[in-house]
Asks: 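Dropping the structure in here first, questions after.
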Amino acid sequence: MTFHLSLNTGTVRDISLAEAVEATAQAGLGYIGVWRDRVAEAGLDEAAKMIADAGLKVSSLCRGGFLTAADEAGQRSALEDNRRAIVEAATLGTRELIMVVGGLPSAAHVLGGRGDRNDKDLAGARSRVADRLAELVPFAREHNVRLVLEALHPMYAGDRAVLSTLKQALDLAAPHPAETVGVVVDTFHVWWDPELEVQIARAGREGRLASYQVCDFNLPIAADALLSRGMMGDGVIDFAPISRWVADAGYTGPVEVEIFNQEIFDQDPALTLKTMQQRWEELVLPALEGRG
């Protein structure tokens with residue numbers, strides 16, 4: 001089995017999509033994971049063309065989601081935005097739309113959004129995610145796009161994702177066809193979970209393992225917790241067992257490196273890609289191939 005490495009553009013946040021595409025192609029990679037802000041800057045059709053012209057394929061589009069709004073206007077806006085994201089994914093040639101489902105309405109203002117600061121109903125927020133997901137599934141199916149639910153580390157439950165474990169993501173996906181709703185294993189978010197091996201195997205059995213994203217969990221946690229992701233080998237994650245579990249579950253798709261880290265943002269993207277490839281070959285690929 002041949003596994004392929006993919007650069008997620010979030011790792012090189014401060015360069016344009018054109019620059020990221022060029023760097024990815026020059027590094028000899030065949031895949032790139034793209035963020036919607038970079039696609040919007042380039043223009044959707046131009047983004048699809050430049051990626052294809054470089055000989056690259058899109059491993060995933062980041063991101064849809066943020067489905068927890070309690071008010072009607074907020075719910076309507078979220079559905080409209082997610083339908084746009086589905087169309088963007090289809091146009092870019094990827095089936096995988098990563099879904100960060102959203103946090104509590106009481107924390108929406110932290111991200112510049114709107115929400116009732118007194119609404120701390122976690123169960124209600126999760127229920128709304130399930131309802132909005134069900135509304136999006138038919139549209140995603142029409143466009144041959146899979147909604148890929150991402151469980152985020154529990155420290156983000158308040159403001160970004162009321163899904164904190166792979167089990168929660170799989171339970172949420174369960175009522176829907178596996179070809180339309182899947183899950184992503186992101187090592188930063190789930191490495192700590194004592195049920196991770198069992199739930200990755202479950203994702204494989206159910207045909208829902210849609211994406212594998214790798215980066216390390218750095219300590220101490222950065223002042224901006226989003227920037228605590230690190231290059232593989234720089235933090236506390238043991239990639240070998242997780243990668244073995246993913247391979248054993250039948251995953252054969254591209255493996256994305258998605259790192260939010262100020263030092264990495266500040267360095268030469270060519271160095272980032274070189275280091276990324278070295279760490280991939282040392283720490284991740286051997287286990288995927290059954291060699292480590």
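For this chain, numbers begin at 1 and follow the sequence in order. Because the structure is predicted, anything quoted here is derived from the model rather than measured.
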Asks: Can you check whether Ala222's main-chain N or O pairs, donor with acceptor, with Ser228's side chain at less than 3.5 Å?
Replies: yes
Asks: Judged by atom type as modelled, is there a donor-acceptor pair below 3.5 Å linking the side chain of Arg146 to the main-chain atoms of Ile98?
Replies: no
Asks: Between Cys62 and Asn8, is there a side-chain heavy-atom distance shorter than 4.5 Å?
Replies: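 Yes; the side chains approach each other to less than 4.5 Å.
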Asks: Between His189 and Phe217, is the ring centre distance below 6.0 Å?
Replies: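 Aromatic pair excluded; centres sit 6.0 Å or further apart.
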Asks: Walk me through whether Glu195 and Thr165 qualify under side chain to side chain donor-acceptor pair (under 3.5 Å).
Replies: CA-CA 9 Å; Glu195 292 191 11; Thr165 67; over 6 Å; no
Asks: Within a strict 4.5 Å, meaning less than it, do heavy atoms of the Leu170 and Gln199 side chains meet?
Replies: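 Yes - at least one pair of side-chain heavy atoms lies under 4.5 Å apart.
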Asks: Cluster question for you: counting only ILVMFWY and a side-chain heavy-atom cut-off of under 4.5 Å, with indirect links fine, are Val184 and Val257 together?
Replies: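 Hydrophobic grouping puts Val184 apart from Val257.
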Asks: Under 3.5 Å, side chain of Arg229 to main-chain N/O of Glu258, donor-acceptor pair present?
Replies: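 Such a contact is found between Arg229 side chain and Glu258 backbone.
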Asks: Can you tell if the side chain of Asn261 reaches within under 4.5 Å of the side chain of Met231, non-hydrogen atoms only?
Replies: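 Not touching, per the 4.5 Å side-chain cut-off.
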Asks: Looking only at heavy atoms, which two atoms of Ile51 and Leu92 are closest? And how far apart?
Replies: CD1-CD2, 4.3 Å
Asks: Determine which pairs satisfy ring pair (Phe, Tyr, Trp, His ring centres under 6.0 Å) with at least one residue from residues 241-292, sequence neighbours left out, and list them in order.
Replies: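 Qualifying pairs, neighbours excluded: Trp35-Phe260.
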Asks: Inspect the contact between Glu41 and Arg38 and indicate whether a charged nitrogen and a carboxylate oxygen are less than 4.0 angstrom apart.
Replies: yes
Asks: On the 0 to 90° scale, with breaks at 30° and 60°, tag the Phe139-His143 ring pair as parallel, tilted or perpendicular.
Replies: tilted
Asks: Please examine the side chains of Val214 and Phe239, heavy atoms only from C-beta on, and report whether any two atoms are closer than 4.5 Å.
Replies: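 When only atoms from C-beta onward are counted, Val214 and Phe239 do touch, with a gap below 4.5 Å.
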Asks: Between Thr11 and Ile259 (side chain of the first, backbone of the second, donor and acceptor by atom type, cut-off under 3.5 Å), is there such a pair?
Replies: yes
Asks: Quick check: do Thr24 and Val21 have side-chain heavy atoms less than 4.5 Å from each other?
Replies: no
Asks: Determine whether Leu67 and Arg128 make a side-chain contact, defined as any pair of heavy atoms from C-beta on separated by less than 4.5 Å.
Replies: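 They are not in contact (no side-chain heavy atoms under 4.5 Å apart), so the answer is no.
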Asks: Step by step, would you call Arg202 with Arg208 a side chain to side chain contact (heavy atoms under 4.5 Å, CB included)?
Replies: CA-CA 9 Å; Arg202 174 188 168 189; Arg208 297 190 188 274; over 6 Å; no
Asks: Looking only at atom types and distance, does a side-chain atom of Glu19 sit under 3.5 Å from a main-chain N or O of Ser16, one as donor and one as acceptor?
Replies: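 Checked: pair present.
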Asks: Can a donor-acceptor pair be found, under 3.5 Å and without considering hydrogens, that links the side chain of Ser77 to the backbone of Ala73?
Replies: no
Asks: Does the distance from a Lys or Arg side-chain N to an Asp or Glu carboxylate O, for Asp216 and Arg279, drop under 4.0 Å?
Replies: no
Asks: Given the rule in the side chain to side chain contact (heavy atoms under 4.5 Å, CB included) test, do Val236 and Trp191 qualify, once you have shown the distances and angles that lead to the verdict?
Replies: CA-CA 9 Å; Val236 300; Trp191 68 274; 3.8 Å; yes
